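Reminder, nothing fancy here: chain letters follow the sequence lines and each chain counts from 1. Basis for what follows: all heavy atoms, side chains included, without hydrogens, waters or symmetry-related copies. Predicted, not measured: the structure shown is a model, and the values here were computed from it.
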Number of protein chains: 2
Amino acid sequence: MMTTTKSASALPLNTILDGDCVAEMAKLPDGSVDLIFADPPYNLQLKGELHRPDNSRVDAVDDAWDQFSSFEAYDRFTSAWLAEAKRILKPDGAIWVIGSYHNVFRLGAELQNQGFWILNDVVWRKSNPMPNFRGKRLTNAHETLIWASRSEGAKYTFNYEALKALNEGVQMRSDWVLPICTGHERIKGADGAKAHPTQKPEALLHRVILATTQVGDVVLDPFFGTGTTGAVAKMLGRDFIGIEREATYREVAKTRIAKIRKFDRQALEVTASKRAEPRVPFGQLIERGMLRPGEELWSLNGRHKAKVRADGTLIGDDIKGSIHQVGAALEGAPSCNGWTYWAFKRDGKMVPIDLLRQQIRAEMHAH
Amino acid sequence: MMTTTKSASALPLNTILDGDCVAEMAKLPDGSVDLIFADPPYNLQLKGELHRPDNSRVDAVDDAWDQFSSFEAYDRFTSAWLAEAKRILKPDGAIWVIGSYHNVFRLGAELQNQGFWILNDVVWRKSNPMPNFRGKRLTNAHETLIWASRSEGAKYTFNYEALKALNEGVQMRSDWVLPICTGHERIKGADGAKAHPTQKPEALLHRVILATTQVGDVVLDPFFGTGTTGAVAKMLGRDFIGIEREATYREVAKTRIAKIRKFDRQALEVTASKRAEPRVPFGQLIERGMLRPGEELWSLNGRHKAKVRADGTLIGDDIKGSIHQVGAALEGAPSCNGWTYWAFKRDGKMVPIDLLRQQIRAEMHAH
DNA sequence: AACGACCTTGAATCATACA
DNA sequence: GTGTATGATTCAAGGTCGT
């Protein structure tokens, strides 16, 4: 059986594939990429090229039937590339799509129809949008991104602490204020005209990739354009796969990405979640003699106490169990993190037991 | 031919109709209302309970009216009420719908399918949203409104100058920062519980109605709830028609609206006070490429240096954290303003990082 | 009266490793 | 696959109460 071209090791990493995105994705193996970032065309310029089922040509889009049929064509296109996208995503992978009100509702609905599970919609609030010159509508000052996991209940990567750090210590919100792509970042041709009409700012991709991938992950962009996704992926130590059918865009992207340098290892380390720390059983504090059986623990709020037993359980008034179970029971709470709830006394001072766990973890890191 | 009950003069102005929105709209004549504002059920699909980190329980939207068996069922519902909405709208009328990522993509797609013409999508950026307690996603800090005319090319009302005035003389953008409905405005029952789980702020309706209707216009709200649309319409001298099938909500709305005075200049609108300087997270300098991950920063006193990481934290000798935290630690000080402490090198010169922040703020002010 | 400490709350698709 | 035990996790407003 011939599967070489579909083995994960054969992924065309850090290259730009030449062709239609559906056809090129079809060549990639199932479950092989970690993240997809897609900035699909907002309208397919179907006007004049659209045909009814009976092959008659639709030459105007000015009545209800034609409007509907053009949306139908857009939906078919969306459905086709999203189906391939879903197939090549790893089970715990995720997808980002970006659009404006012209197409984003169709994108979002089709994502849901195909069983993707929306995690957030994110508003890119442009700090320098184009004004509405005619004064007939509101300044169209934002675009919408949708972040979705491959299916309901699937795991996904989210570097919560890194994004919180990026936002000065407060949780990152679903509205991101970023400037549009201008100045020296905006790629221009020899004639001074912009190389691509909808080049996305690197800052946007920086946030997307930092938030939802790990170093070494594979990021695929089926509408690669001038390669912003690839450029930022490379900087951030991720691998990319681009798909682009316009030769001029591919050329611009290739030159652009070749100039990019990956950030050094230390710069790429980001603040990690506590969840990633190794688990330390409470019993180990007793085994190591950091706490003695029979010693009393106090709740940090001072309202409760319990006694340590040799097996690492606690015993309070009429209640026995783990540090978590006893804490929860005493507080009448559905759950309780015993590590941050209990303290012991040393030299007259209350010391949180979590300090002992940190000691053990520090030792583990040293080895 | 008997058309009396469907003549415009027979419109049930400034009343709340008791019943299902499709059935009640069906009784209204073609082309009879100027504006529809619709806040349909969001189909949240919540699974379990959610607790805050302090173990308190979040009071979720678990009402029967928000439950749908599938996307197909939700789409059928949406299609049915939008078809009636379109029929009763005047040819030059318009519609607003509001939703979150759970339902808004389906709403927007169905609007387009039925031939409505989207004029803007508008983001309501909540100044005080509920955080994401488990740190698993971004704070869901916005909802989306869609503003559409009845069909492509149709005329519509847009009070451009009024909105510009409301926005301190600059063109109103498609992102609106408004607080959620709390405090005295939030209607509560005798037991102190909220009368309706999803009451919208009057400021939001104020802006919608002011922007897209004239005095004397008829505004219909098919999901009237506790009557925010009616209350604001009355204040602003517009007529309203509400439809609501829950008797308790109708009762609350009736009492509420009876107390409203037309043209009462209450403090509805968010105070247009001059805001403090916008907070700029340090991470934005990295995202925007003003500083590179791996780049070194020097303290202005020349005694210390540290390296920038991709998430906007610094790493020095044995110390990681924000620009403020690392500065404080290196100086042995309780606190430190990192913005005025750190500098980077460009062309052999030391440049304070605060200069970059000032650049960003200047951009923000310019728009 | 003014201020500060403390408490409550909001349209939420909110966990995961291990046995 | 399922069940159980561990244990990680919040921001801005507004209201209440005590000094």
Among D:dT10, C:dT16, C:dA11, the one nearest any side-chain atom of B:Asp39 is C:dA11
Among the nucleotides D:dT10, C:dA12, D:dT6, which one has an atom lying closest to any side-chain atom of A:Ser322? D:dT6
How many Å lie between NZ on B:Lys47 and P on C:dA11, as a whole number? 20 Å
Does A:Asn337 place a side-chain N or O at less than 4.0 Å from the phosphate oxygens OP1/OP2 of D:dA8? yes
Test the B:Arg106-A:Phe105 pair against the cation-pi criterion, namely NZ or CZ under 6.0 angstrom from the six-membered ring centroid and within 45° of the ring axis. no
Describe the nucleic acid contact of B:Thr182 in one word from base, sugar-phosphate, nothing, applying a heavy-atom distance below 4.0 Å. sugar-phosphate
Using a heavy-atom cut-off of under 4.0 Å over every strand shown, decide if A:Cys336 touches base, sugar-phosphate, or nothing. base
Can a salt bridge be assigned to the pair A:Lys307 and A:Glu295 using a cut-off of 4.0 Å between side-chain N and carboxylate O? no
Check whether any side-chain N or O of A:Tyr160 sits under 4.0 Å from OP1 or OP2 of D:dT10, and answer yes or no. yes
Interatomic distance at P, C:dA11 relative to D:dA8, whole Å: 30 Å
Nearest whole angstrom, please: distance from the P of C:dA11 to the CG of B:Asn103. 14 Å
Using a heavy-atom cut-off of 4.0 Å across all strands, would you classify A:Pro281 as base, sugar-phosphate, or nothing? nothing
Counting the atoms with a prime plus P, OP1 and OP2 as sugar-phosphate, which does A:Asp354 contact under 4.0 Å by heavy atoms, base, sugar-phosphate, or nothing? nothing
Can you find a donor-acceptor pair, distance only, under 3.5 Å between A:Asn120 side chain and C:dA12 base? no
Using a 4.0 Å heavy-atom cut-off across all strands, classify A:Pro278 as base, sugar-phosphate, or nothing. nothing
Near-ring test A:Trp147/A:Tyr156, centroid separation under 6.0 angstrom: yes
I want to confirm an ordering. Mapping A:Arg275 and B:Met130 to their closest nucleotides on DNA chain D, which one lands closer to the 5' end? A:Arg275
Walking DNA chain D from its 5' end, the first of A:Pro334 and A:Val170 to be reached, judged by nearest nucleotide, is A:Pro334
Looking across every strand, which nucleic acid part, if any, lies under 4.0 Å from B:Gly48 by heavy atom: base, sugar-phosphate, or nothing? base
Given the side-chain rings of B:Phe224 and B:Phe240, with only the six-membered ring counted for Trp, is the space between their centroids under 6.0 Å? yes
Using whole Å, what does the distance between atom P of nucleotide C:dT9 and atom CD of B:Gln199 come to? 16 Å
If we take the C1' atom in both C:dA1 and D:dC17, what is their distance in whole Å? 15 Å
Nearest-Å distance once atom P is located in both C:dC14 and C:dC18: 23 Å
Measure the distance from CD on A:Glu161 to P on D:dT10 and round it to the nearest whole Å. 7 Å
Nucleotide forming a Watson-Crick or wobble pair with C:dC14, both distances under 3.5 Å: none
At under 4.0 Å, does any side-chain N or O of B:Arg57 touch on OP1 or OP2 of C:dG10? no
Below 3.5 Å, does any donor atom in the side chain of A:Ser273 face an acceptor in the base of C:dA15, or the other way round? no
I'd like to know if B:Glu202 pairs up with B:Arg256 as an ion pair, taking the criterion as any Lys NZ or Arg NE/NH1/NH2 lying under 4.0 Å from an Asp or Glu carboxylate oxygen. yes
Nearest listed nucleotide, side chain of A:Lys274, among D:dT9, C:dC14, D:dA13: D:dT9
Could you please name the option among D:dA8, C:dG10, C:dA12 that lies closest to any side-chain atom of B:Leu46? C:dA12
Give one of base, sugar-phosphate or nothing for A:Thr340, where a contact means two heavy atoms less than 4.0 Å apart. nothing
Does B:Arg173 pair with B:Asp175 as a salt bridge, N-O distance under 4.0 Å? yes
Check for me whether the distance between the ring centres of B:Tyr249 and B:His196 falls short of 6.0 Å. yes
Examine C:dA11: is either OP1 or OP2 under 4.0 Å from a nitrogen or oxygen in the side chain of B:His142? Give yes or no. no
Look at the side chain of B:Lys126 against the base of C:dA11 and say whether a donor-acceptor pair falls under 3.5 Å; ignore hydrogens and angles. no
Measure CG/B:Asp66 against P/C:dA12 and give the value in whole Å, please. 11 Å
For a quick test of reading the model: is some side-chain N or O of A:His324 closer than 4.0 Å to OP1 or OP2 of D:dG7? yes
Length of the CZ-C1' vector between A:Arg173 and C:dA12, whole Å: 15 Å
If only side-chain N and O atoms of B:Arg134 are considered, is one of them under 4.0 Å from the OP1 or OP2 phosphate oxygen of C:dA15? yes
Looking across every strand, which nucleic acid part, if any, lies under 4.0 Å from B:His51 by heavy atom: base, sugar-phosphate, or nothing? nothing
So, do B:Phe223 and B:Trp65 have ring centers that fall under 6.0 Å from each other? no
Note: for B:Asn43 and B:Ser56 on DNA chain C, the residue whose nearest nucleotide lies more 5' is B:Ser56
Give a yes or no on whether a salt bridge exists between B:Arg76 and B:Glu110, defined as a side-chain N under 4.0 angstrom from a carboxylate O. no
Describe the nucleic acid contact of A:Ser335 in one word from base, sugar-phosphate, nothing, applying a heavy-atom distance below 4.0 Å. base
Looking across every strand, which nucleic acid part, if any, lies under 4.0 Å from B:Asn132 by heavy atom: base, sugar-phosphate, or nothing? base
I need the CZ-C1' distance between A:Phe158 and C:dT16, as an integer number of Å. 17 Å
Say you pick atom C1' in D:dG7 and the same atom in C:dG10; how far apart are they, in whole Å? 25 Å
Within the 4.0 Å heavy-atom criterion, would you say A:Lys164 contacts the bases, only the backbone, or no part of the nucleic acid? sugar-phosphate
When rounded to the nearest 0.5 angstrom, what distance separates CG in B:Leu138 from CZ in A:Arg207? 9.0 Å
Find the distance B:Lys200:NZ to C:dA11:P and express it as a whole number of Å. 7 Å
Please classify the nucleic acid contact of A:Ile118 as base, sugar-phosphate, or nothing, using heavy-atom distances under 4.0 Å. base
Check every strand shown and say whether A:Arg357 touches a base, only sugar-phosphate, or nothing at a heavy-atom separation below 4.0 Å. sugar-phosphate
Against the side chain of B:His102, the closest entry in D:dG7, C:dA12, C:dG10 is C:dA12
Distance check, P atoms only: C:dT8 and D:dT9, in whole angstrom units. 23 Å
Name the nucleic acid region contacted by B:Glu143, choosing base, sugar-phosphate or nothing; use a 4.0 angstrom heavy-atom cut-off, strictly under. base
Would one find a side-chain N or O of A:Arg279 under 4.0 angstrom from OP1 or OP2 of D:dG7? yes
Paired nucleotide for C:dC7 [Watson-Crick or G-U wobble; both distances under 3.5 Å]: D:dG14
